[in-house]
Trainee: 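The structure that follows is given in the form of structure tokens.
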Number of protein chains: 2
Amino acid sequence: MTRKGAVSPKRPTIYDLAQIAGASPSAVSSILNGSWKRRRISAATAERVIRIAQEQGYAINLQASMLRRERSHIVGMIVPKYDNRYFGAIAEQFETMARARGLFPVITCTQRDPELEFDAARELVSYQAETIVVTGATEPDRISEFCAAAGVRTINLDLPGQKAPSVLSDNFGGARDLTRLLIQRVTEDFGNAPPLWFVGGRPHDHNTTERLRGFRAALAEAQLDFAAERVLMPGYSPSKALAAMEQADFPAKIGIFVNSTIALEGVVRWLNDHKHRTDARFGCFDWDPFAALLAQNVGMTEQDVPGMLNRLFDIVTSPGDQFPARIEVPCILKPLLHG
Amino acid sequence: MTRKGAVSPKRPTIYDLAQIAGASPSAVSSILNGSWKRRRISAATAERVIRIAQEQGYAINLQASMLRRERSHIVGMIVPKYDNRYFGAIAEQFETMARARGLFPVITCTQRDPELEFDAARELVSYQAETIVVTGATEPDRISEFCAAAGVRTINLDLPGQKAPSVLSDNFGGARDLTRLLIQRVTEDFGNAPPLWFVGGRPHDHNTTERLRGFRAALAEAQLDFAAERVLMPGYSPSKALAAMEQADFPAKIGIFVNSTIALEGVVRWLNDHKHRTDARFGCFDWDPFAALLAQNVGMTEQDVPGMLNRLFDIVTSPGDQFPARIEVPCILKPLLHG
DNA sequence: CTTCAATGCTCAATCGGTTGAGCAACATTG
DNA sequence: CAATGTTGCTCAACCGATTGAGCATTGAAG
């Protein structure tokens, strides 16, 4: 095997291959990118060049290729966090599905910081991303506007925006169904329904307000009363949820609607610090395999990640702009039985 | 605000800005990339160009910039999965730390598929990545060899390789300490130590064999006997772990060393299906906030992700190759007390 | 009044692929 | 034997940013 590494520190280019093969750079280029039949290059030359490329350990320079083609096939994704099941699953499946469609996925994690989100969008635009999928951003419309001016399409995932098509969970329906389950279980376990609490999320976050609306709808349906002081929305962070729980004044028997596994981390820490509270039940909007095994958990709402991503890629791979502004995907309620 | 979008569908380039500003493209380029003082451009011109760039919504074409500079500042990372805490935390912190050092992180997820791993490496080389960090790969040396031929440095994370410097956890020490804790707890809870089982991982995986070695060392120390039939290594998958547990013949009292949270998903599913087994205790190598709350869990081993990444970036950002072939970072044992 | 340096720019080549246009050689048809 | 078509390539102009070389202009020193 001829290895170039030792001779020259530089990577071989199509010009090097052309020289070795006794062909022109354009022939080599078309052979390696598959357009050689259309350009009437003989199979013999193609085979020879491919063999030489392999021997030389050739790898195309995508920077040069994308620059000239003015097509990058890059789909960017902006994600707030990787370190929970929901966004981990989104990132992983997005990557797989993008690759399956011949696209280059590039994912950036922004820690829920609005400035980082915007910087990430700028960076993806500079990478010549053709579409950017925005997830869990604080200011999706600001990003959409900037990207639109740069000729880059954006799609919102898991959040609604005015300036781009949005694919999201049916947060209202999912929360209503989860609350119904919670009411049913606390009634079974405690004899009657104690006051229900809503914990987690941010007051101005769309998903949070929709889930609160679903929560309230289920309460109204069951003729249970709702009180604003039983709603704790300290933001997306386990420690903030824990702190909010510490502050609150709970009765002996409680039922808790937990908004996201992130808040759940705080809630279960609180339950763990107050072991005597065996008369607590909770349900969580979001799924996690270990949280599903906690004794006081009556059910979890799994967001349909493959379903949402399928709808998303329908939009990504379709040329036109004739898409509905907003697509809601139903959630999957997973009731849990313990003991 | 002058918006170009409506007038021309194309993104503005330095040539467009130069025309508007009445300057040359080279002046614009140097102003926007910060080299204008060295190139003796006046502050007045610089300000004017910067203002126009902002007005036009200019974003650099990184493809062109990287092509010309022949420096990409890209650090690639190959990761098997995002959807568990350990790799989620690695990906997230890697991104943050890379950005803090002025590098462009690009992360790819390969689903533990050897072919996808190699393709991902090829793709990162084509993106002109300058360094590639390989995590959880099946054939790290194959990737290192290919990258070395292309002049791209590789570093192994969480796995050892012969062909590249490797940063990994002290799997032996971590497993030994976790096993010691498990022995102590089962002895306290059951009066004496029942046979201990080892569940999870793959027989030819380095981390698995090191952890098994640590497990055996702690058994030997406590003068407990070891039996090969109490070692279940069905691979990294919850369902395979569950299936292996179903097959096994367990006594009434058991202690289980669980190798990774992925295997733990199967183990806890088994425990959940066999609720009468209250005389089971387990410890898990890897940390998860919800798994930490399961009653039978005596402790978890948290791998020191920031510690490992700090050592990793020491290598990334240093020019030479004078690094020790292998750096082991101690794990953090988190004992758990329930009830 | 020349000499020299400093200031503030511009020119043009370059990075590595891509692609429309075109050319030579040979075969086929009228 | 000329006209036309087919095969198998090559040429050269790009894509957009970068950068070494170089060129006016102004000011100060000798």
Side-chain angles (χ1 to χ4, degrees), chain A residues 4 8-49 53 56-74 125-128 130 150-151, chain B residues 4 8-49 53 56-74 125-128 130 150-151:
Chain A
K4 201 146 180 285
S8 147
K10 290 200 55 203
R11 319 234 315 256
T13 69
I14 52 165
Y15 299 93
D16 301 320
L17 301 185
Q19 186 125 43
I20 296 170
S24 72
S26 35
V28 173
S29 170
S30 65
I31 289 162
L32 296 176
N33 70 31
S35 67
W36 57 280
K37 282 189 180 164
R38 190 163 21 87
R39 288 177 71 83
R40 298 195 315 249
I41 306 290
S42 68
T45 309
E47 272 172 48
R48 182 161 38 95
V49 167
Q56 299 293 316
Y58 173 81
I60 194 175
N61 184 328
L62 280 177
Q63 252 88 69
S65 175
M66 289 173 176
L67 175 60
R68 181 56 234 255
R69 277 189 201 266
E70 305 187 64
R71 282 290 322 250
S72 70
H73 295 285
I74 290 177
V125 167
S126 286
Y127 269 123
Q128 311 301 108
E130 293 171 359
Chain B
K4 202 149 180 282
S8 147
K10 286 198 60 200
R11 319 235 314 257
T13 68
I14 52 166
Y15 299 92
D16 300 321
L17 301 185
Q19 187 124 43
I20 297 169
S24 70
S26 33
V28 173
S29 170
S30 66
I31 289 162
L32 296 176
N33 70 31
S35 67
W36 57 280
K37 282 189 179 162
R38 190 162 22 85
R39 287 177 74 82
R40 298 194 315 247
I41 305 290
S42 68
T45 310
E47 272 171 48
R48 182 162 38 94
V49 167
Q56 299 292 317
Y58 174 80
I60 194 175
N61 184 327
L62 280 176
Q63 252 87 70
S65 175
M66 288 173 176
L67 175 61
R68 179 56 235 256
R69 278 191 203 266
E70 305 188 63
R71 282 292 320 250
S72 70
H73 295 285
I74 290 177
V125 166
S126 286
Y127 269 122
Q128 311 302 106
E130 294 172 356

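The sequence lines fix the lettering, A, B, ..., with proteins before strands; numbering per chain opens at 1.
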Trainee: Tell me whether the side-chain N or O atoms of B:Arg39 pair up with the base of C:dT7 as donor and acceptor below 3.5 Å, since no angle test is needed here.
Mentor: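 Flag unset: no donor-acceptor pair detected.
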Trainee: Once you round it to whole Å, what is the distance between C1' of D:dC9 and NZ of A:Lys37?
Mentor: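 Atom NZ in A:Lys37 sits about 17 Å away from atom C1' in D:dC9.
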Trainee: A:Ser30 side chain N/O closer than 4.0 Å to the phosphate oxygens (OP1, OP2) of C:dT18?
Mentor: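 So the side-chain polar atoms of A:Ser30 never come under 4.0 Å of the phosphate oxygens OP1 or OP2 of C:dT18.
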Trainee: List the steps, then state whether side chain to side chain contact (heavy atoms under 4.5 Å, CB included) holds for B:Leu32 with B:Leu17.
Mentor: CA-CA 11 Å; B:Leu32 296 176; B:Leu17 301 185; 3.8 Å; yes
Trainee: Check the distance between D:dT19's C1' and B:Ile41's CD1 and give it to me in whole angstrom.
Mentor: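 Value for this atom pair: 12 Å.
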Trainee: Would you indicate which nucleotide in D:dT18, D:dC9, C:dG16 comes nearest to any side-chain atom of B:Ile14?
Mentor: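 From the listed options, D:dT18 comes nearest.
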Trainee: Any side-chain N or O of A:Tyr58 below 4.0 angstrom from OP1/OP2 of C:dG17?
Mentor: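 The answer is yes; a side-chain N or O of A:Tyr58 sits under 4.0 Å from OP1 or OP2.
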Trainee: Could you report the tightest heavy-atom contact between A:Leu62 and B:Gln128, atom names first, then the distance?
Mentor: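 Where A:Leu62 meets B:Gln128 most closely, the heavy atoms are N-OE1, 4.4 Å.
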Trainee: Can you tell me how far P of C:dT18 sits from NE2 of A:His73, to the nearest Å?
Mentor: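 It is 11 Å, rounded to the nearest whole Å.
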Trainee: Please confirm whether any donor atom in the side chain of A:Ser26 sits under 3.5 Å from an acceptor in the base of D:dC11, or the reverse.
Mentor: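 Such a pair is found, so the answer is yes.
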Trainee: So which of residues 65-72 of chain B are in contact with DNA chain C, with a heavy-atom cut-off of under 4.0 Å?
Mentor: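 Within this stretch, B:Leu67, B:Arg68, B:Glu70 sit under 4.0 Å of the strand.
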Trainee: In whole angstrom, give the distance that lies between atom CZ of A:Arg40 and atom C1' of D:dG5.
Mentor: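 Distance, rounded to whole Å: 10 Å.
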Trainee: For B:Asn33 and D:dA17, is the shortest distance between a side-chain N/O and OP1 or OP2 below 4.0 Å?
Mentor: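 False: B:Asn33 side-chain N/O out of range (4.0 Å or more) of D:dA17 OP1/OP2.
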Trainee: State whether B:Ser24 places a side-chain N or O below 4.0 Å from either non-bridging phosphate oxygen (OP1 or OP2) of C:dT10.
Mentor: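 For B:Ser24, the contact criterion (side-chain N or O under 4.0 Å from OP1 or OP2 of C:dT10) is met.
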Trainee: Roughly how far, to the nearest 0.5 Å, is the OG atom of B:Ser42 from the CH2 atom of B:Trp36?
Mentor: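 It comes to 8.0 Å.
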Trainee: Taking atom C1' of C:dT18 as reference, at what distance in whole Å does atom CD1 of A:Ile60 sit?
Mentor: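 Distance, rounded to whole Å: 9 Å.
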Trainee: Using the closest heavy atom to pick a nucleotide of DNA chain D for each, name whichever of A:Thr45 or B:Leu62 lands nearer the 5' end.
Mentor: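 Whichever sits nearer the 5' end wins; that is A:Thr45.
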Trainee: State whether A:Ser35 places a side-chain N or O below 4.0 Å from either non-bridging phosphate oxygen (OP1 or OP2) of C:dT18.
Mentor: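 Answer is no, no contact under 4.0 Å.
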Trainee: Under 4.5 Å between any side-chain heavy atoms of A:Asn61 and A:Thr13, yes or no?
Mentor: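 Side-chain contact under 4.5 Å: no.
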Trainee: Of the listed nucleotides (C:dT10, D:dG16, D:dC9), which one gets closest to any side-chain atom of B:Tyr15?
Mentor: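 Per side-chain heavy atoms of B:Tyr15, the pick is D:dG16.
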Trainee: Please report the C-alpha distance between B:Asp16 and B:Gln56 in whole Å, then the side-chain angles of each, then the deciding distance to 0.1 Å, and finally whether the side chain to side chain contact (heavy atoms under 4.5 Å, CB included) criterion is met.
Mentor: CA-CA 9 Å; B:Asp16 300 321; B:Gln56 299 292 317; over 6 Å; no
Trainee: For a quick test of reading the model, state the closest non-hydrogen atom pair linking A:Glu130 to A:Ser72 and the distance between them.
Mentor: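 Taking A:Glu130 first and A:Ser72 second, the nearest heavy atoms are OE2-N, 2.7 Å.
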Trainee: Using whole Å, what does the distance between atom P of nucleotide D:dT6 and atom CZ of A:Arg38 come to?
Mentor: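 One finds 18 Å between P of D:dT6 and CZ of A:Arg38, rounded.
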Trainee: Please give, in whole Å, the distance from D:dT18 P to B:Leu17 CG?
Mentor: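 For the pair B:Leu17 CG and D:dT18 P, the rounded distance is 12 Å.
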Trainee: I need the minimum non-hydrogen distance between B:Ala18 and B:Val28, along with the two atoms involved.
Mentor: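 What the structure gives for the nearest pair is CA-CG2, 3.7 Å.
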Trainee: When the distance from CD of A:Gln63 to P of D:dA17 is rounded to whole Å, what number comes out?
Mentor: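 Rounded to whole Å, this separation is 14 Å.
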Trainee: Looking only at the side chain of B:Ser42 (C-beta and beyond, no hydrogens), which of the listed nucleotides C:dC9, D:dA17, C:dT18 gets closest?
Mentor: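 Looking only at side-chain atoms, B:Ser42 lies closest to C:dC9.
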Trainee: If I compare all heavy atoms of B:Arg39 with all of B:Ser26, which pair ends up nearest, and what's the gap?
Mentor: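 Nearest heavy atoms, B:Arg39 then B:Ser26: NH2-CB, 4.5 Å.
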